[in-house]
2 protein chains.
Amino acid sequence: MSEQKYLENYDKQEFEAPLITVDSVLFTCHEGELKVLLVERANHPEQGKWGLPGGFVDLQLDSSLSDSALRRLKEKTGVIPPYIEQLKTYGGPQRDKRGWSVTVCYSALVSFQACKSHIDSVADVQWVSVEQLNYIELAFDHRQLIVDARERLRQKALYSIVPAYALPEVFTLPELQQVHELLIGKALQKKSFRRRIEQAELLIDTGDKRSERGRPASLYRMKADAGGFNFIRNLEY
Amino acid sequence: MSEQKYLENYDKQEFEAPLITVDSVLFTCHEGELKVLLVERANHPEQGKWGLPGGFVDLQLDSSLSDSALRRLKEKTGVIPPYIEQLKTYGGPQRDKRGWSVTVCYSALVSFQACKSHIDSVADVQWVSVEQLNYIELAFDHRQLIVDARERLRQKALYSIVPAYALPEVFTLPELQQVHELLIGKALQKKSFRRRIEQAELLIDTGDKRSERGRPASLYRMKADAGGFNFIRNLEY
DNA sequence: ATAATAGTGTCTTTCAGACATTATCTA
DNA sequence: TAGATAATGTCTGAAAGACACTATTAT
């Protein structure tokens with residue numbers, strides 16, 4: 001049989017296939033806390049529980065998996081987050097009551113300000129601090145996905161400045177250090193932190209300063225490729 | 001409607017879903033070369049081309065995605081590889097002629113010896129050195145999956161001794177260094193390489209030595225948790 | 001002036017790079 | 001003994017940790 005004949009006769013339904021979804025763990029940093037975006041589930045299964053933004057791939061709308069993740073995040077936040085990375089794919093017969101299911105999980109970062117107005121305007125989307133997560137019942141295995149995303153981001157904080165994407169476009173070095181400390185779960189040496197960022201020339205000094213109690217801090221923005229830079233040596237943990 | 005009623009009425013076929021497969025890039029090191037396991041495709045599509053070991057998830061046999069990957073690798077090599085890690089998931093409408101498809105890709109390592117007899121006994125499975133890959137037409141986007149797996153393993157070689165899983169259970173330090181050099185694509189300082197492994201106490205000296213031309217080399221085996229260890233400082237590249 | 005926060009100076013420590021030297025095997 | 005390969009000694013350099021010190025604002 002030729003390949004063409006094979007394709008004409010191919011029946012996608014011949015074998016039972018898993019359900020497949022794409023979910024995202026979207027983090028931000030606000031008021032000194034690390035927060036995750038949760039969505040209240042409008043439909044079964046797990047109706048009424050809170051879970052990660054995501055859903056089935058739309059074969060018409062989505063031309064890639066990251067497209068699908070970004071489409072959902074845009075729906076829920078009003079913006080395309082500046083950082084998204086594929087985390088891991090989870091699959092098994094138990095994680096969804098409808099049957100064998102697979103979810104491709106993404107990890108993303110956005111500033112609180114970028115989506116504040118959009119999120120304030122809807123009732124079924126909220127930022128939840130990672131501390132409060134323990135007191136909320138989450139849908140499916142989403143608690144595990146958040147744990148894994150957090151651990152990955154923690155590693156990133158040790159050898160990159162990717163966490164800067166959880167801040168507004170313009171930020172101070174002490175603010176950035178705070179995000180890293182939140183993720184790593186440990187205080188960092190101011191000097192070490194600044195030194196490595198300066199030496200790698202990852203930030204642009206805007207020339208402006210921000211003042212509130214004490215000496216004003218210089219304001220920086222990330223260079224275009226700064227998110228892709230990895231230090232050769234990790235911070236201690 | 002109750003969740004129970006919802007589940008009873010749920011029709012998995014209601015929405016068109018992507019095809020979903022699991023593929024693995026299995027590496028080994030043999031005769032100073034890095035090699036990848038390829039399988040000749042018996043069926044359409046891409047019949048006759050060589051591709052990665054993998055296939056559709058079997059909802060009865062597989063209880064997780066890694067199960068599915070390991071089942072295929074066992075079929076093709078006769079053994080369960082000692083190292084497997086999820087690499088990345090690829091999805092889109094173009095990568096498989098049958099339609100929108102997703103593949104969850106794993107990266108794995110095994111010693112050449114462990115599966116030599118099994119692989120020699122079948123005609124549709126072979127080790128191909130990464131150099132030769134350029135001259136072989138590969139199915140789907142498998143060339144890209146191999147490139148990505150190799151790049152990930154290259155990174156691992158800079159901060160871990162995961163590449164040791166591409167060697168037999170017992171190996172010498174010069175052998176291990178050679179695998180790292182193959183992956184990183186650069187000669188390493190003998191002293192630096194040995195020092196970090198010694199200091200981290202990742203290997204057990206078997207007490208035996210292997211002799212062939214020159215001073216005999218000590219034989220080591222990995223400690224149980226050595227694959228999970230990461231150095232805080234990378235080798236240069 | 002004081003408190004608060006931002007930012008620097010500088011010494012120590014850690015660990016990889018470089019490369020010369022020594023050790024132990026076979027032919 | 002010569003050649004080959006394994007393993008060590010040791011100096012240098014790069015970059016993080018520690019922490020005291022200075023700088024700049026508001027009240």
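We name chains A, B, ... by the order of the sequence lines, and we start the count at 1 in each one.
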Heavy atoms only, 4.0 Å cut-off, all strands: where does Arg213(B) land among base, sugar-phosphate and nothing?
sugar-phosphate
Starting at atom CG of Leu176(B), determine the distance to atom C1' of dA7(D), rounded to an integer number of angstrom.
15 Å
Any donor-acceptor pair under 3.5 Å between the side chain of Arg215(A) and the base of dA23(D)?
yes
Among the candidates dT25(D), dG17(D), dG7(C), find the nucleotide nearest to the side-chain atoms of Pro216(A).
dT25(D)
When we call it a touch if two heavy atoms are under 4.0 Å apart, what does Arg195(A) touch: a base, just sugar-phosphate, or nothing?
base
From NE2 of His180(B) over to P of dG17(C), roughly how many Å is that when rounded to an integer?
13 Å
Rounded to whole Å, please give me the gap between CD in Gln199(A) and P in dA15(D).
6 Å
Heavy atoms under 4.0 Å, any strand shown: does Ser192(B) hit a base, just sugar-phosphate, or nothing?
base
For Gln86(A), look at atom CD and say whether over 12 heavy atoms of other residues, nucleotides or ligands are found less than 6.0 Å away.
yes
Nearest of dG17(D), dT8(D), dG7(C) to any side-chain atom of Pro174(A)?
dG7(C)
In this structure, how many angstroms lie between the C1' atom of dG9(C) and the CZ atom of Arg194(A), rounded?
13 Å
Of Phe231(B) and Glu175(A), the one whose closest DNA chain C nucleotide lies more 5':
Glu175(A)
Please classify the nucleic acid contact of Lys190(A) as base, sugar-phosphate, or nothing, using heavy-atom distances under 4.0 Å.
base
If you assign Lys209(A) and Leu188(A) each to the DNA chain D nucleotide with the nearest heavy atom, which residue ends up on the more 5' nucleotide?
Leu188(A)
Indicate whether OP1 or OP2 belonging to dA16(C) is found under 4.0 Å from a side-chain N or O atom of Gln189(B).
no
In sequence, state the C-alpha distance, the side-chain angles, and the governing distance for Asp62(B) and Val22(B), and then conclude on side chain to side chain contact (heavy atoms under 4.5 Å, CB included).
CA-CA 11 Å; Asp62(B) 304 321; Val22(B) 177; over 6 Å; no
Could you check how far CD of Gln177(B) sits from C1' of dA7(D), rounded to whole Å?
11 Å
How is Thr172(B) classified with respect to the nucleic acid when contacts are heavy atoms under 4.0 Å: base, sugar-phosphate, or nothing?
nothing
Could you tell me whether Lys191(A) contacts a base, only the sugar-phosphate backbone, or nothing, with contacts defined as non-hydrogen atoms closer than 4.0 Å?
base
Phe193(A) CZ - dA6(C) P separation (whole Å)
13 Å
Less than 4.0 angstrom between a side-chain N/O of Arg233(A) and OP1 or OP2 of dA14(D), yes or no?
no
Provide, to the nearest angstrom, the distance between the CD atom belonging to Glu212(A) and the P atom belonging to dT24(D).
19 Å
Under a 3.5 Å threshold, yes or no: a donor from one side chain and an acceptor from the other, between Ser218(A) and Lys209(A)?
yes
Within the 4.0 Å heavy-atom criterion, would you say Ile232(A) contacts the bases, only the backbone, or no part of the nucleic acid?
nothing
One pair to check against side chain to side chain contact (heavy atoms under 4.5 Å, CB included): Ile119(B) and Leu37(B). What are the steps and the verdict?
CA-CA 10 Å; Ile119(B) 290 177; Leu37(B) 191 78; 3.5 Å; yes
Starting at atom CD of Glu198(A), determine the distance to atom P of dG7(C), rounded to an integer number of angstrom.
9 Å
Assess whether side chain to side chain contact (heavy atoms under 4.5 Å, CB included) is satisfied between Val36(A) and Leu26(A), documenting all intermediate values.
CA-CA 6 Å; Val36(A) 177; Leu26(A) 180 64; over 6 Å; no
Distance alone, cut at 3.5 Å: any donor-acceptor contact between the side chains of Tyr90(A) and Asp148(A)?
yes
